[in-house]
Amino acid sequence: MNPRHIALAVAVAVVWGVNFVVIEVGLEDMPPLLLSTLRFAVAAFPAALVLGRPRVPWRYVVAVGLILGVAKFGLLFVGMDHGMPAGLSSLVLQCQAVFTLLFAVVLLGERPRPAQLLAIATATTGIAILALGKGLTAPAGAFVLVVAAGACWGLSNIVTRHARPPDTLRFMVWVSAVAVVPLLLLSVATEGWQRDVSALRGFSWSAAGAVAYLAGAATLFGFGAWGYLLRRYDASTVAPFSLLVPVVGMAAAWLLRGERLTVMQLAASLLVIAGMAGTAARRRKPAATVPVIRTGQLVP
């Protein structure tokens, strides 16, 4: 990669890492599912009208919209609203790399290499250590919700892999559009119509800034730039930059929100990141003869 594209990849990782702090700020004024609804609504319209059709079968758009947009982001936002800190969420969510590999094995019949099995064990150990220490920073239920969000992300990676969208930005804009109505209905059903209306009436500048960042920076810029890089380079060249996301997320949470990790949590964090890197490792053989399990393609 040339220096300009390296800078672009790092910029995307920074935007996506800071994204978790922005979510936390938005949740101070908005119910989680309503915040997620507004994020996808602003990202989808009028972009969907400008960019045109997604260029993949609609069944994939709807599937990813429900699995990623509704389930994954809904669980993540609710988990953070119930006490999962921003930095820890950015790390725990990376269990998606393990789930992506596991779903590829179960659903696609792919055979993981020994190095990938070791990576799964490493990342799982890190998640287990964090789970044992969750009482120090987050309720058990909130922790489980973020892990479940990682599982949904992993499943959506498998569906996206089948869809093979030629334009990641256009695909994600339509995925966002699919997620809006189900998220709004869930918000009304679980958070209450009155709470939603009250939040909209008291819409603050911080809430507006959070929605603008989530929709514009994290979704439109992030996926647009990431898709551009994936079209120019192999996934194995671009994907390692996603390892910066939890690092930036934890650093931003520490600098902006005062969130700190214990020594045990820091050690567990290193295990999760190492495991994430291992699941994405590729064997050095021609791509035509080796099935590649891509992870970390869709980041919040």
Side-chain angles (χ1 to χ4, degrees), residues 1-23 26 35-58 60-65 67-70 72-73 76 90 93 96 153 156-157 159-180 183 208-246 248-249 252 280 294-300:
M1 296 177 70
N2 64 44
R4 183 166 59 89
H5 290 153
I6 291 175
L8 181 61
V10 172
V12 172
V14 170
V15 166
W16 280 340
V18 174
N19 183 57
F20 291 88
V21 171
V22 175
I23 293 172
L35 177 61
S36 190
T37 300
L38 293 176
R39 175 247 181 100
F40 285 121
V42 173
F45 307 104
L49 303 178
V50 174
L51 294 176
R53 296 170 66 87
R55 296 181 181 175
V56 299
W58 284 104
Y60 293 125
V61 178
V62 173
V64 176
I67 298 170
L68 182 77
V70 178
K72 181 256 184 173
F73 281 104
L76 172 64
S90 72
L93 195 63
Q96 61 84 19
W153 185 5
S156 72
N157 283 339
V159 179
T160 302
R161 178 179 166 188
H162 272 277
R164 300 182 183 276
D167 186 333
T168 307
L169 174 60
R170 184 177 304 200
F171 180 69
M172 280 305 301
V173 163
W174 282 101
V175 164
S176 299
V178 168
V180 172
L183 279 170
V211 171
Y213 185 97
L214 294 172
T219 302
L220 298 180
F221 166 74
F223 287 110
W226 196 254
Y228 168 78
L229 293 171
L230 285 173
R231 287 193 297 271
R232 294 184 65 94
Y233 301 96
D234 291 338
S236 59
T237 301
V238 180
F241 286 95
S242 66
L243 296 174
L244 294 174
V245 173
V248 173
R294 295 184 179 182
T295 60
Q297 291 186 11
L298 300 177
V299 184

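Values reported hereafter were calculated over all heavy atoms of this structure, with side chains retained and with hydrogens, waters and symmetry mates removed. The first residue in the sequence is number 1, and the count goes up from there. These numbers come from a predicted model, not from an experiment.
Within the 4.5 Å cutoff, no side-chain heavy atoms of Val14 are placed close to those of Leu244. Within the 4.5 Å cutoff, no side-chain heavy atoms of Leu183 are placed close to those of Arg39. Phe45 places none of its side-chain heavy atoms less than 4.5 Å from the side chain of Val173. Taking 4.5 Å as the limit, every side-chain heavy atom of Val56 sits out of range of all side-chain heavy atoms of Arg164. Proximity of Leu220 to Met172: side-chain heavy atoms (C-beta onward) are nowhere separated by under 4.5 Å. Side-chain contact check for Ile23 versus Asn19: some heavy-atom pair is nearer than 4.5 Å. With a 4.5 Å cut-off on side-chain heavy atoms, Phe40 and Val175 do not count as touching. Using a 4.5 Å heavy-atom cutoff, the side chains of Leu8 and Tyr228 are in contact.
Taken from CG in Asn2 to CD1 in Ile6, the straight-line distance is 7.0 Å, to the nearest 0.5 Å. The CG atom of Asn157 sits 9.0 Å away from the NZ atom of Lys72 when rounded to the nearest 0.5 Å. The OG atom of Ser156 sits 4.0 Å away from the CG atom of Leu68 when rounded to the nearest 0.5 Å.
When atom types are taken as modelled, the side chain of Thr219 and the backbone of Leu214 share a donor-acceptor pair closer than 3.5 angstrom. At distances below 3.5 Å, at least one donor-acceptor pair connects side-chain atoms of Arg170 with backbone N or O atoms of Leu51. Judged purely by atom type and a 3.5 angstrom limit, Trp153 has no side-chain atom pairing as donor or acceptor with the backbone of Phe73. For Arg55 (side chain) and Pro165 (main-chain N/O), no donor-acceptor pair under 3.5 Å exists by modelled atom type.
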For side chain to side chain contact (heavy atoms under 4.5 Å, CB included), just list the numbers for Arg231 and Trp226, CA-CA rounded to whole Å, side-chain angles, deciding distance to a tenth of an Å, and then say yes or no. CA-CA 9 Å; Arg231 287 193 297 271; Trp226 196 254; over 6 Å; no
When you look at Phe223 and Trp16, which way does the ring-ring contact (aromatic ring centres under 6.0 Å, His included) test go after all the steps? CA-CA 10 Å; Phe223 287 110; Trp16 280 340; 5.4 Å; yes
Tell me, with the steps shown, if Val248 and Phe20 meet side chain to side chain contact (heavy atoms under 4.5 Å, CB included). CA-CA 10 Å; Val248 173; Phe20 291 88; over 6 Å; no
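Summarising the geometry of His5 relative to Tyr233, their closest heavy-atom pair is ND1-OH, 2.7 Å, with the distance given to 0.1 Å. Shown here for Gly222 and Val12, the closest heavy-atom pair between the two residues is O-CG1, 3.9 Å. Across all non-hydrogen atoms, the minimal contact from Ser176 to Ala43 is OG-CB, 4.2 Å. Contact record, Val159 with Ala63: CG1-CB, 4.0 Å, taken as the closest heavy-atom pair.
When only modelled atom types and interatomic distance are considered, His162 and Tyr60 share no side-chain donor-acceptor pair under 3.5 Å.
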